Structure formats: C-alpha cells, structure tokens
Amino acid sequence: MDLNLFILLFSAISFIFYGISSFFSKRMLSEYARWGYKNQRILLGCLQLLGAIGLLVGILYPILLSVASFLLTFMMVTAVFVRIKIKDSIIQMFPAILYTALNFIILYNSLV
C-alpha cells in the first residue's frame with residue numbers, strides 16, 4: 001500500500017469513527033458544547049461521515065476525492081480556528097492540525 005492510499009484510508013476511517021461518535025458519545029457531546037457547537041453536533045457528524053464516504057468513493061472518482069478532501073480540509077481549518085478562539089492548548093489542537101494537514105495532502109495529490 002502506498003503512502004497516499006494509507007493517508008486517505010486513515011483519514012476516512014477516522015472521520016467515520018468521529019462522525020459516529022458525534023451521535024452517541026457523551027464525551028463528544030461535552031466536546032461539542034465546549035466548542036460552542038452543541039446544536040450543530042448531528043449536522044457536523046453527518047458532514048464528517050459524508051466526507052469520509054467521499055474520500056472512499058473518491059478512490060474510484062477522482063473529482064469526488066478532490067471535493068471531499070477540500071471540504072474536510074476546510075472543516076478542519078475551521079476547527080483549528082475554533083480551538084484557537086476557545087484558547088485550547090497546542091496539544092488539544094493537535095488532532096485538528098493533523099487532519100488539516102492530512103486532508104490537504106490528499107487534496108494536493110488529487111490535483112497533481
């Protein structure tokens with residue numbers, strides 16, 4: 001398995017996990033409240049799942065891969081800014097920063 005496919009699968013599986021967790025996890029419910037997005041939790045979980053599906057289907061349809069990775073990159077850049085706004089530590093921001101970078105790599109590779 002090449003590195004690009006590994007990054008794509010890692011990101012997609014992670015977003016599936018986080019999307020599902022958004023619906024059922026008490027910890028995620030408290031995190032969304034802390035971030036100020038308690039009322040958008042279900043919507044954001046659905047968007048995470050759709051982004052993950054877009055990455056996976058994008059393996060076969062490159063335009064979908066570009067769109068999904070762009071939208072997930074945008075979502076994670078927004079997450080970084082939310083975490084800056086609420087004054088999270090760098091350690092707390094690390095997952096958002098990591099997924100921003102991973103999805104940007106997927107986007108870049110889908111365009112070259």
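Numbers here simply count residues along the sequence, with the first being 1. All values below come from the heavy atoms of this structure, side chains included, with hydrogens, waters and symmetry mates left out. This one's a predicted model, so the numbers in the text were calculated from it and none came from an experiment.
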Under the side-chain hydrogen bond (donor to acceptor under 3.5 Å, both in side chains) criterion, do N103 and S11 qualify, and how do the steps go? CA-CA 7 Å; N103 283 286; S11 181; 3.2 Å; yes
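- Remark: I106 CD1 to L111 CG distance equals 12.0 Å, nearest 0.5 Å.
- Pairing each heavy atom of S110 with each of S66, the nearest pair is OG-OG, 2.8 Å.
- Looking only at side-chain heavy atoms (C-beta outward), I16 and L56 come within less than 4.5 Å of each other.
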Distance-only donor-acceptor hits, side chain of residues 35-47, under 3.5 Å, sequence neighbours excluded:
residue: R41; atom: NH1; partner: S22; partner atom: O; Å: 2.5
residue: R41; atom: NH1; partner: F23; partner atom: O; Å: 3.4

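- Within 6.0 Å of CD1 in I63 there are 12 or fewer heavy atoms belonging to other residues, nucleotides or ligands.
- Between R34 and D88 there is a side-chain heavy-atom pair separated by less than 4.5 Å.
- Nearest heavy-atom pair, T100 versus A96, reported as atom, atom and distance to 0.1 Å: OG1-O, 2.7 Å.
- Of the inter-residue distances, the one linking I86 atom CD1 with M93 atom CE reads 8.5 Å to the nearest 0.5 angstrom.
- Note on L107: it does not cluster hydrophobically with Y61, by side-chain heavy-atom contacts below 4.5 Å among ILVMFWY residues.
- Aromatic ring pairs are classed by plane angle as parallel below 30°, tilted from 30° to 60° and perpendicular above 60°; the pair F10 and Y99 is parallel.
- One finds the OG atom of S89 at 12.0 Å from the CZ atom of F94 (value rounded to the nearest 0.5 Å).
- To the nearest 0.5 Å, the span separating OH on Y108 from CG on N4 amounts to 11.0 Å.
- Between the CG atom in L102 and the CG atom in L72 there is a gap of 11.0 Å [rounded to 0.5 Å].
- R83 approaches Q92 most closely through the heavy-atom pair NH1-O, 2.7 Å.
- In this structure, F15 and M76 have side chains that are in contact, with non-hydrogen atoms separated by less than 4.5 Å.
- A continuous path of hydrophobic side-chain contacts links I59 to L3 [ILVMFWY only; heavy atoms under 4.5 Å].
- The CG atom of L9 sits 9.0 Å away from atom CG of L55, with the distance rounded to the nearest 0.5 Å.
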